Q: 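Let me begin by handing over the structure; questions about it come next.
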Amino acid sequence: MEVIKDVVCPFCGCVCDDGEVIVDGGHITGTKNLCRIGHAKFMHPTHGQRHLTPMMRDDKGELKKVDIDTAIEESARILAEASWPLLYGWSATLCETQQKGIELAELVGGVFDNTATVCHAPSILAVQNRGYPVCTLDETKNYADLIIYWGCNPMHAHPRHASRYSIYARGFFRERGKRDRTIVVVDPRKTDTAKMADIHIQPYPGTDYLIVSALRMILNGVEPQQDVIAGVPKETLYEVFDAIGRHQFAMLFFGMGLTQSPGKYMNIDPAITLISDLNKHMKAVLQPMRGHYNVAGCNITAAYETGYPLAVDFSKGYPTYNPGESSATDMLIKEHADAMLVCGADPGHSFPNKALEHVANIPVININPAINPTDPLSDIIIPCAFGGIEYEGTCYRMDCVAIRVKKVIDAPEGILNDTEILERMIKNIKKMI
Amino acid sequence: MENFIYYWCVTYTQCSIYTISAINYNSPHGGNMKKLEALFLTGRTVWQGEGMESGKEGELYTKACCMLEMNPEDMKKIHVNENESVLVYNDYGKVVMKAVKAKEELPEGMVYAAYGSWANVVVCPDTNSTGMPYLKAIKVTIKPVTQELANNSLDLVEKTYMSKI
């Protein structure tokens, strides 16, 4: 039995690097320090179900086992013959795989997009308009004394976030942890995160723009005329204003409450300007609460390789960027994509109805370590190794800090990692085109 | 009056927020059935996360994502008890979910489901050229039904999308 220390958890954007994994006879038997979700991920390779061989649908639509070479060759043929293939996912795999994905997209003249399309793509659009006033999570832990969680619920989505980086973390200048901080939560529901807040703002869903505008008015010395703004009493907003006066460093963490609600990127655009206004009174920064452990890494890798962070379209022979057309969701909803490669994500879980209706009509190659609801829509399933557990590589935490993930166990016999699967697919395609 | 102004200000073509109410209608089988018009919110739960990572074909994920968290007063309005099946539907789709009392309190007229294959059947797919569909604050109607829930997410996706081809 071996206890591997300093293991990096490949689940959410927290990318906790203090995990300990207990390995016995090549199998993971336990973990320490990780949240229940991280623990579940590490236990999955050994204790959960997974496909152990590639599969392909026959003429009757039944999935039949095939060897890896046939699966890769047929996948390469589908992508090479497609006019506008979509290569989607990438957030739950490593940067080295994402680089191969981009190379593949360029080779086949397809669209490379990642899960941010249903997550923080609106934040990226707003950041491109307004700017990106961020800092690392370490700075938050050490300096921040006013924490604002807007439209996110870290107690459920990023379970160790509050204890490692914000509310409870004992920082260099915030030695008493929560007692040195004021917590503001903006959420229509009384979430488990809101229960820990000093001030809980409960707007009607989809009215965050009004609250941000009102706060900006107050910060600029103008009193809003209404007594109740989007369901929130004006006094509550003035409480936040008073809190601002008593603190030194504000950190705004925001999530899907802003990006997925009506308004989308126009909810984050004013929030960035709010940070600008806050900086007249105190130091203030913001941080999008990135969901997957390497979604930020995919945007960084894509920007490094192509010049654009997501929704990169190679169909013209050079990279172009047109969110709304080259976004994965639009490619599917408008029925533009005629083939799809999924790697490191699960559209069967995260894509809306109309997008999946089209996915069902096109050939789909699914490269994933686990069984998932994209499988019924897939024509070729190629199981791969779990990144950060069965093979090592690079990922980027939510604050864009690069962290190396470890390998703690071997993948089962015959299961390749997705970098290698894509490398082989690229070789095949080069022979075909 | 303020409520009306805010509702008007945030009206969108397919996702309008309006006065929420429970509506009486006569069931074709006789008797007085109720249905509830509500705002559908989606998001994360730690059990959904645990379910996702322990296997989306498994019971943990199914249990976490098929639950529709409701305000207890709304459940009374449509005579639905804890763990009973409800049909959640709108112009985009319909899905059978399990009504439960919200662990994280929400106001009347709002319902919450963990983001996943079930919730995605009824969200608004239009992106207005932003790439992002409307995944929160969707108008839905909810009524009690006796239909069975899908066995798991793969079963749900198969029945909802593959049967149309």
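Letters A, B, ... are given to chains in the order of the sequence lines, protein chains preceding strands, and every chain is numbered from 1. What you are looking at is a predicted structure, and each value in this text was computed from that prediction instead of being measured.
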Q: What part of A/Tyr209 gets closer than 4.5 Å to chain B, counting heavy atoms only: side chain, backbone, both or neither?
A: neither
Q: Let me know if A/Ile333 has heavy atoms under 4.5 Å from chain B in its side chain, its backbone, both or neither.
A: side chain
Q: Hey, which residues of residues 119-128 of chain A are touching chain B, say heavy atoms under 4.5 Å apart?
A: A/Cys119, A/Pro122, A/Leu125
Q: Tell me whether A/Lys190 contacts the main-chain N or O of B/Leu106 through its side chain, where contact means a donor paired with an acceptor under 3.5 Å.
A: no
Q: Can you confirm whether the side chains of A/His349 and B/Tyr115 place a donor and an acceptor under 3.5 Å from each other?
A: no
Q: Listed by residue number, which members of residues 35-45 of chain A have a heavy atom under 4.5 Å from any heavy atom of chain B?
A: A/Arg36, A/Ile37, A/Ala40, A/Lys41, A/His44
Q: Between B/Gly131, B/Gly43, B/Pro133, which residue shows the highest count of heavy-atom pairs closer than 4.5 Å to chain A?
A: B/Gly131
Q: Count the heavy-atom pairs under 4.5 Å between each of A/Asn372, A/Leu332, A/Asp113, A/Asp192 and chain B, then report the option with the highest count.
A: A/Asp192
Q: Return the set of residues passing side chain to side chain donor-acceptor pair (under 3.5 Å) with B/Lys56 (not counting sequence neighbours), or none when no residue passes.
A: A/Asp346
Q: Ignoring hydrogens and angles, state whether a donor on the side chain of A/Asn153 or B/Glu104 is under 3.5 Å from an acceptor on the partner side chain.
A: yes
Q: Name the region of A/Ser326, side chain, backbone, both or neither, that has any atom closer than 4.5 Å to a heavy atom of chain B.
A: neither
Q: Among A/His156, A/Met155, A/His158, find the one that has a side chain to side chain contact (heavy atoms under 4.5 Å, CB included) with B/Val46.
A: A/His156
Q: Just give me the residue among B/Asn120, B/Asn152, B/Asp155 that pairs up with chain A most often, heavy atom to heavy atom, under 4.5 Å.
A: B/Asn120
Q: List for me each residue that meets ring-ring contact (aromatic ring centres under 6.0 Å, His included) alongside A/Tyr149, sequence neighbours excluded, and say none if there are none.
A: A/His161, A/Phe253
